[in-house]
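Read the structure below first, then the notes.
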Amino acid sequence: MTTTQPPLNDIAHMFSRAFFHDPLFVYFFPNPSQREARAYYTFRFLVAHASQNGQVHTAQQPQDGAAVWLPSSALRHSVADMLRFGAVRAMLKQGPGAIKRQMQAGEAMQAVHHRALSAPHAYLLLLGIDPSQQGRGLSTPLLQPSLDRLDEQGLPCYLDTHNPNNVSLYQRFGFEVVHEDEIPGASVRHWAMLRQCK
């Protein structure tokens, strides 16, 4: 696993493949022929922002999988962040409908996040494994070192997921569901999960 100078484009493309069938990204980009290409710009922005403000852990081959973490102090994006990390390009490539759906869903999830946990914590922004590598046990080496470090620091951690298959995966790492409901205005189920430090 590596955390230094992640190849942002490769990681963003990997997330676009990994999240192709994720209900939230199906909602954001309903046309399957365009989804992977358009989702890339969202992931490129998120990974670039996290590489400067949080941590990006990758598998030995970065295109195989990655976990992206942010400290709770860096959850909101400033205007400078939007310009620096590619949000304007995403807006041009994705179109106003997709941008509106992402903004509305993001605001709804942030409201749940703030209610569930306002103390300092770590946010697991993304965990993705390339479809060709799924089922090979990469989740543990991607997550466990960070969870061990957070335990040592006494910090809880939080995540959002929209795939029911992921809930049991995260429960194996000690996360518990603290919220479950549909995102307002979207037929997408949202699970918010919290892990207290051990």
Report summary line: Shortest non-hydrogen pair, Pro62 vs Pro7, comes out as CB-CG, 3.6 Å
Query - Reported CG-to-CE distance for the pair Asn166 and Met193, which is rounded to 0.5 angstrom - result: 9.0 Å
Query - Positive for side-chain contact (heavy atoms from CB on, under 4.5 Å) with Val68, one of Leu46, Leu126, Thr58, Leu124 - result: Leu126
Query - Aromatic ring pairing Phe45/His49, orientation class (parallel under 30°, perpendicular over 60°, tilted between) - result: parallel
Query raised in the report: Does the side chain of Asn31 pick up a donor-acceptor pair with the side chain of Ser33 at under 3.5 Å?
Result: yes
Query raised in the report: Does a side-chain heavy-atom distance below 4.5 Å link His190 with Leu24?
Result: no
Requested in this report: Would you please classify the geometry between the Phe175 ring and the Tyr170 ring as parallel, tilted or perpendicular, with 30° and 60° separating the classes?
Outcome: perpendicular
Report task. Kindly work out whether a path of hydrophobic side-chain contacts (I/L/V/M/F/W/Y, heavy atoms less than 4.5 Å apart) joins Val177 to Leu147. Result -> yes
Query raised in the report: Under 3.5 Å, is there a donor-acceptor pair linking the side chains of Asp160 and His113?
Result: no
Query raised in the report: Which pairs pass side-chain hydrogen bond (donor to acceptor under 3.5 Å, both in side chains) with one or both residues in residues 96-105, sequence neighbours excluded?
Result: Thr42-Gln102, Gln94-Gln102
Report summary line: Nearest heavy-atom approach of Ala192 to Tyr158 is CB-OH, 3.1 Å
Requested in this report: Test salt bridge (Lys or Arg N to Asp or Glu O under 4.0 Å) on Arg195 and Glu176 and set out the steps.
Outcome: CA-CA 6 Å; Arg195 182 185 184 272; Glu176 297 181 356; over 6 Å; no
Query raised in the report: Under 3.5 Å, is there a donor-acceptor pair linking the side chains of Gln134 and Asp130?
Result: no
Report task. Decide yes or no for Leu92 and Tyr41: does some side-chain heavy atom of the first lie under 4.5 Å from some side-chain heavy atom of the second? Result -> no
Requested in this report: Taking all heavy atoms of Cys157 and all of Trp69, pick out the closest pair and write down the distance.
Outcome: CB-CZ3, 3.8 Å
Query raised in the report: Rounded to the nearest 0.5 Å, what separation is found between the CZ atom of Arg44 and the CG atom of Leu8?
Result: 4.5 Å
Query raised in the report: Cluster question for you: counting only ILVMFWY and a side-chain heavy-atom cut-off of under 4.5 Å, with indirect links fine, are Val167 and Ile129 together?
Result: yes
Query raised in the report: Would a 4.5 Å heavy-atom cut-off, applied to side chains only, mark Ile183 and His162 as touching?
Result: yes
Query raised in the report: Side chains of Val188 and Pro23: does their closest heavy-atom pair fall under 4.5 Å?
Result: yes
Query - For the student: nearest non-hydrogen atoms of Ala67 and Leu142, plus distance - result: CB-O, 3.8 Å
Query - Side-chain touch Ser139/Phe173, heavy atoms, less than 4.5 angstrom - result: yes
Report summary line: d(Phe43 CZ, Glu36 CD) to nearest 0.5 Å is 10.0 Å
**Report entry** Shortest non-hydrogen contact between Phe29 and Ala98, atoms and distance
**Finding:** CE2-CB, 3.7 Å
Report task. Quick one: closest heavy-atom pair of Gly54 and Pro71, and the distance? Result -> CA-CD, 3.9 Å
Query raised in the report: Side chains of Asp64 and Met14: closer than 4.5 Å at any heavy-atom pair?
Result: no
Requested in this report: Before giving the answer on side-chain contact (heavy atoms from CB on, under 4.5 Å), spell out for Asn163 and His21 the whole-Å C-alpha distance, their side-chain angles and the decisive distance to 0.1 Å.
Outcome: CA-CA 9 Å; Asn163 185 337; His21 297 291; over 6 Å; no
Query - Min side-chain heavy-atom separation Gln110-Leu75 under 4.5 Å - result: no
Query raised in the report: In the single-linkage hydrophobic clustering (I, L, V, M, F, W, Y; side-chain heavy atoms under 4.5 Å), do Phe19 and Val26 co-cluster?
Result: no
Query raised in the report: Atom OG in Ser146, atom CG in Asp151: separation rounded to 0.5 Å?
Result: 11.0 Å
**Report entry** side-chain contact (heavy atoms from CB on, under 4.5 Å) assessment of Arg189 paired with Glu180
**Finding:** CA-CA 7 Å; Arg189 203 81 181 158; Glu180 179 186 351; 3.3 Å; yes
Report summary line: Interatomic distance, NE2@His114 vs OG@Ser72, rounded to 0.5 Å, equals 11.5 Å
Query raised in the report: If you measure from CD on Gln196 to CG on Leu194, what distance do you get to the nearest 0.5 Å?
Result: 4.5 Å
Query raised in the report: Mind checking whether Phe25 and Phe15 have ring centres under 6.0 Å apart?
Result: no
Query raised in the report: Shared ILVMFWY cluster between Leu155 and Leu159, side chains joined below 4.5 angstrom?
Result: yes
Query - Side chain proximity check, His179 to Trp191, heavy atoms < 4.5 angstrom - result: no
